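Data block below; observations after.
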Amino acid sequence: MNFDFGETEKAFCEKIRGLFDADSRAALANLESGDVNDIRDATMKWLMVLGEAGYLTPGLNDGKNSVGLTAIQESLSVISPALYLTVEVTARIFGRLVAVYGTPDQKDEIIPSLQEGRLIGAVAISEDAMNIENDPLNTSAVNNDDGFLVFGSKGHVVNGPIADWIAVAAKTGDGLAFFLVKKETEGLSIGQRLSMLGYGGLAVSRVSLENCPVQSNYIIGPFDGKEQLKTVRMWEDQILTVSSLGLIKRSLNAALTFAKGHRSGNKPIIAYQEVGFKLAEMVTLFQTARLLTYRAAWMAETGDREATVLAHCAKVFCAESAEEVASHALQILGGQGYLSGNPAEEAYRDAKYLQIAGTSSEISRMKIADGVLGDG
Ligand SMILES: Cc1cc2nc3c(=O)[nH]c(=O)nc-3n(C[C@H](O)[C@H](O)[C@H](O)COP(=O)(O)OP(=O)(O)OC[C@H]3O[C@@H](n4cnc5c(N)ncnc54)[C@H](O)[C@@H]3O)c2cc1C
């Protein structure tokens with residue numbers, strides 16, 4: 001097993017980190033109080049910058065999670081949790097869906113713009129009473145003259161209010177397909193941006209379709225079975241796992257800086273054993289989470305037969321560690337930590353999303369158990 005970074009990967013990560021100075025990081029943090037237009041403007045600006053730097057291309061064509069991809073994602077996840085998710089949903093979920101399963105014409109129309117950072121994508125699968133594990137899709141599509149009419153509603157869609165394209169999963173007479181719907185298509189309605197516990201700079205909304213026409217050349221599929229849905233969910237889980245690493249690192253950095261600089265009882269609080277032990281626990285969780293994430297990436301890259309189980313282990317462990325590390329960080333920051341707008345307080349709120357979204361912690365544990373029993 002070898003998941004060391006090469007010189008090229010290190011230089012690429014350094015380049016991504018170097019794109020964001022202190023002012024741009026502060027502006028991104030302020031997006032939590034911004035409106036949908038602010039979020040779209042900031043996202044378009046950063047997508048172009050990241051596109052030019054080559055961030056939007058890795059993993060697109062082969063759809064494979066890998067160590068190198070994980071490394072560059074980690075660089076961005078530490079800088080801004082919300083921008084990271086917006087960008088990853090655009091490139092590594094919507095973009096990959098088109099690049100891996102789309103037709104040559106769909107790829108020609110969408111992928112070059114996406115790689116240059118000129119469009120925002122969203123993927124709408126889950127419904128109010130449907131997650132991928134349990135229930136069939138209610139959203140459906142029926143033939144009309146030159147394509148399909150799509151009907152249905154998706155409760156939460158990341159990038160819904162700011163997306164140029166939304167890939168909507170729906171059942172057809174022949175199976176399941178993704179319908180590529182352009183914004184402002186007749187019959188597509190985007191709900192109000194949802195107010196959430198965390199990921200404040202993210203634009204999430206309900207997406208509904210009523211008699212929404214989609215021409216046959218904008219359909220990916222139909223497919224038999226759920227294989228493609230499972231693949232998309234695997235991409236999403238990997239993105240969420242790396243987001244957990246970003247939250248852990250942000251909390252740890254905030255706590256370390258504070259513990260060294262803040263004095264109480266005439267000494268920096270890091271000198272108190274109880275504070276030191278908390279930091280030790282946080283570092284241990286960070287290092288373990290990171291090892292597990294990169295091991296899962298390495299197993300996916302090398303096609304190891306236990307790659308899926310490891311990916312679920314990493315998702316659960318990292319998401320739950322993100323909450324634990326953020327909680328320790330808040331405790332170290334004391335009264336200051338309890339105030340809004342510091343990285344530990346944000347991470348504490350953000351972390352819950354990572355346990356709910358994608359394959360939830362409960363379902364991940366079931367899948368790990370199935371894998372242990374040889375059924376995964
Ligand atoms: C902020 C946000 C953004 C989102 N963005 C998107 C998006 O862009 N696109 C998209 O398609 N979806 C999106 N979702 C939906 C998300 O993927 C689902 O919320 C998630 O899959 C959980 O499904 P659910 O909310 O329907 O919960 P439910 O499936 O109703 O589950 C409720 C609880 O029951 C547990 N549970 C359910 N089934 C089982 C089972 N079989 N075994 C054990 N426990 C079980 C769950 O773990 C959970 O704790 C988003 C959700 C949120 C909160």
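Keep in mind it's a predicted model, so treat the numbers as computed, not measured. For ligands, and for the atoms within them, numbers begin at 1 and follow the listed sequence.
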Under a 3.5 Å threshold, yes or no: a donor from one side chain and an acceptor from the other, between Ser243 and Tyr353? no
Check your understanding: Side-chain donor-acceptor pair under 3.5 Å between Gln238 and Gln73, yes or no?
Key -> yes
Is it the case that the ring center of Phe148 lies less than 6.0 angstrom away from the ring center of Tyr218? no
**Asked** Is it true that the NZ or CZ of Arg92 lies under 6.0 Å from the centre of Tyr55's six-membered ring and within 45 degrees of the ring axis?
**Response** yes
Min N/O separation [X] to ligand 1 under 3.5 Å:
X	value
Met366	no
Arg233	yes
Ser126	yes
Ile356	no
Ile125	yes

Candidates Lys154, Arg365, Glu236, His156; heavy atom nearest atom 13 (C) of ligand 1 found on His156
Heavy-atom proximity to atom 21 (O) of ligand 1, picking from Gly358, Ala163, Ala124, points to Gly358
Which atoms of ligand 1 are found less than 4.0 Å from any heavy atom of [X]?
X	value
Val157	7 (C), 8 (O)
Ser360	46 (C), 47 (O)
Met196	1 (C)

Please determine whether a side-chain nitrogen of the Lys or Arg among [X] and [Y] lies less than 4.0 Å from a carboxylate oxygen of the Asp or Glu.
X	Y	result
Asp164	Arg40	yes
Lys352	Glu320	no
Glu281	Lys278	no

With heavy atoms and a 4.0 Å threshold, my read on which part of Tyr199 contacts ligand 1 is neither
Quick look: Val89 vs ligand 1, heavy-atom contacts under 4.0 Å, and the answer is neither
_Starting from Ile190, can I reach Phe151 by hopping between I/L/V/M/F/W/Y residues whose side chains sit under 4.5 Å apart?_
no
